[in-house]
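Since the structure comes first, as structure tokens, the remarks are kept for the end.
Because only heavy atoms are used, hydrogens play no part in the values below, and waters and symmetry mates are left out as well, while side chains stay in. Heads up: numbering here begins at 1 and tracks the sequence.
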Amino acid sequence: MRPIPLLASLCLGLGLDMGALQAATCRSLAFESQGYAVCEAHAGEDLRLFLEDGDGAPIGTFDRLRKALADEGRRPIFAMNAGMYHPDRRPVGLFVAEGETLAGLVERPGPGNFGMTPNGVFCISATGFSVVETGRFAATAPACRFATQSGPMLVIEGALHPRFLPGSASRHVRNGVGVTADGTTAYFVISDAPVNFADFARVFRDALKTPNALYFDGKVSRLYAPELQRDDIGFPMGPIVALAAPGAD
């Protein structure tokens with residue numbers, strides 16, 4: 001019989017879940033003299049997008065997210081805002097939850113960061129993750145268990161968004177997601193301090209080596225990550241992405 005590793009043996013003895021421990025993957029990253037928090041999720045883990053609770057009310061806060069997961073006997077390993085939203089917290093673009101489309105895909109250019117085309121969609125499928133430019137998403141219609149549309153794209157097939165200006169004075173705390181080429185790992189990043197788009201996009205392309213990455217938001221960007229002692233507060237949010245695991249929060 002193959003021996004059980006010491007850590008696994010301890011977890012079994014204490015009634016802990018090995019997957020929950022392995023999923024705790026948030027860390028600090030220094031890149032080009034700026035600090036970032038990075039959390040990662042892997043294919044097969046319980047990564048989901050959240051918008052409403054069981055009664056149809058917006059979740060909106062990390063506290064309400066924890067309560068919603070606690071009703072399932074689960075807890076968030078990390079969570080962050082995951083897409084732009086209207087004042088009533090409805091998603092601005094596509095939003096899919098458990099295979100159901102709650103808001104439709106927006107293909108036209110428009111004002112603000114969301115409309116700075118090309119924008120894109122973060123998709124969680126049965127086999128992994130993808131960040132897909134909106135036009136390509138409309139043409140291919142990938143099967144997403146969860147999806148959120150936002151903009152602009154940060155990295156598009158290894159290139160920075162063409163409208164980003166190096167040295168731009170437009171700086172905010174920003175957050176977004178990038179996916180590895182094989183679709184098995186998604187990196188969720190938030191800056192520690194205000195950065196411009198070009199600086200933020202290079203984190204995904206050059207530090208994390210993700211060929212495609214998508215901007216989630218700025219100004220309202222927030223992270224819940226107990227591993228980093230983060231539980232950011234602020235106004236209620238729209239879509240939220242979270243990695244969940246069994247157990248109490």
Side-chain angles (χ1 to χ4, degrees), residues 19 23 25 39-54 56 58-59 65 68-69 72 74 76-86 89-109 114-115 117-158 161 175-189 204 208-217 237-246:
T25 53
C39 295
E40 62 185 88
H42 303 279
E45 294 179 333
D46 186 10
L47 184 74
R48 290 184 252 166
L49 288 159
F50 295 84
L51 184 64
E52 299 174 342
D53 63 19
I59 290 178
L65 173 67
L69 283 172
E72 304 177 19
R74 302 183 73 78
I77 297 295
F78 70 80
M80 68 164 46
N81 57 298
M84 297 175 189
Y85 50 93
H86 296 290
R89 287 179 271 165
R90 289 180 300 109
V92 171
L94 178 73
F95 189 85
V96 176
E98 295 291 4
E100 180 182 357
T101 300
L102 303 182
L105 188 72
V106 176
E107 298 184 60
R108 65 186 181 277
F114 182 93
T117 55
N119 54 18
V121 176
F122 172 60
C123 170
I124 304 171
S125 71
T127 57
F129 318 111
S130 58
V131 167
V132 185
E133 185 271 325
T134 294
R136 183 178 163 211
F137 188 94
T140 58
C144 303
R145 182 185 173 205
F146 295 93
T148 183
Q149 183 183 10
S150 192
M153 290 283 286
L154 295 168
V155 185
I156 311 156
E157 300 300 330
H161 193 291
N175 74 300
V177 60
V179 174
T180 55
D182 63 5
T184 61
T185 303
Y187 294 104
F188 299 88
V189 181
F204 290 97
L208 299 174
K209 310 298 183 184
T210 59
N212 292 285
L214 180 66
Y215 184 61
F216 276 156
D217 217 333
M237 299 168 280
I240 297 172
V241 63
L243 178 64

Nearest non-hydrogen partners of [X] and [Y], listed with the distance:
X	Y	answer
Arg89	Pro58	NH1-CB, 3.6 Å
Ala242	Ala79	CB-CB, 3.8 Å
Gln149	Gly93	OE1-CA, 3.4 Å
Phe129	Leu47	CE2-CD2, 3.6 Å
Val241	Ala82	N-CB, 3.6 Å
Pro152	His161	CB-CD2, 3.6 Å

Are any of the side-chain heavy atoms of [X] and [Y] separated by less than 4.5 Å?
X	Y	result
Phe122	Val179	yes
Ile59	Glu52	no
Met153	Asn212	yes
Arg90	Phe95	no
Val106	Phe114	yes

[atom1]-[atom2] distance between [X] and [Y], expressed to the nearest 0.5 angstrom:
X	Y	atom1	atom2	answer
Asn119	Phe137	CG	CZ	12.0 Å
Tyr187	Cys39	OH	SG	12.0 Å
Leu65	Met237	CG	CE	8.0 Å
Glu133	Thr117	CD	OG1	8.5 Å
Leu94	Glu107	CG	CD	10.5 Å
Arg48	Arg145	CZ	CZ	6.5 Å

Pick one: which of Val155, Leu154, Leu214 meets side-chain contact (heavy atoms from CB on, under 4.5 Å) with Val131?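 So, applying the side-chain contact (heavy atoms from CB on, under 4.5 Å) to Val131 and each of Val155, Leu154, Leu214, only Leu214 qualifies.
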
side-chain contact (heavy atoms from CB on, under 4.5 Å), paired with Leu49, selected from Ile240, Thr148, Leu102, Val96: Thr148

Look only at the side chain of [X] and the backbone of [Y], and say whether a donor-acceptor pair between them is shorter than 3.5 Å.
X	Y	result
Thr210	Phe204	yes
Glu45	Leu243	no
Ser150	Tyr215	yes
Thr180	Thr185	yes
Asn81	Phe216	no

Apply side chain to side chain contact (heavy atoms under 4.5 Å, CB included) to residues Glu40 and Phe188 and explain how you reach the verdict. CA-CA 6 Å; Glu40 62 185 88; Phe188 299 88; over 6 Å; no

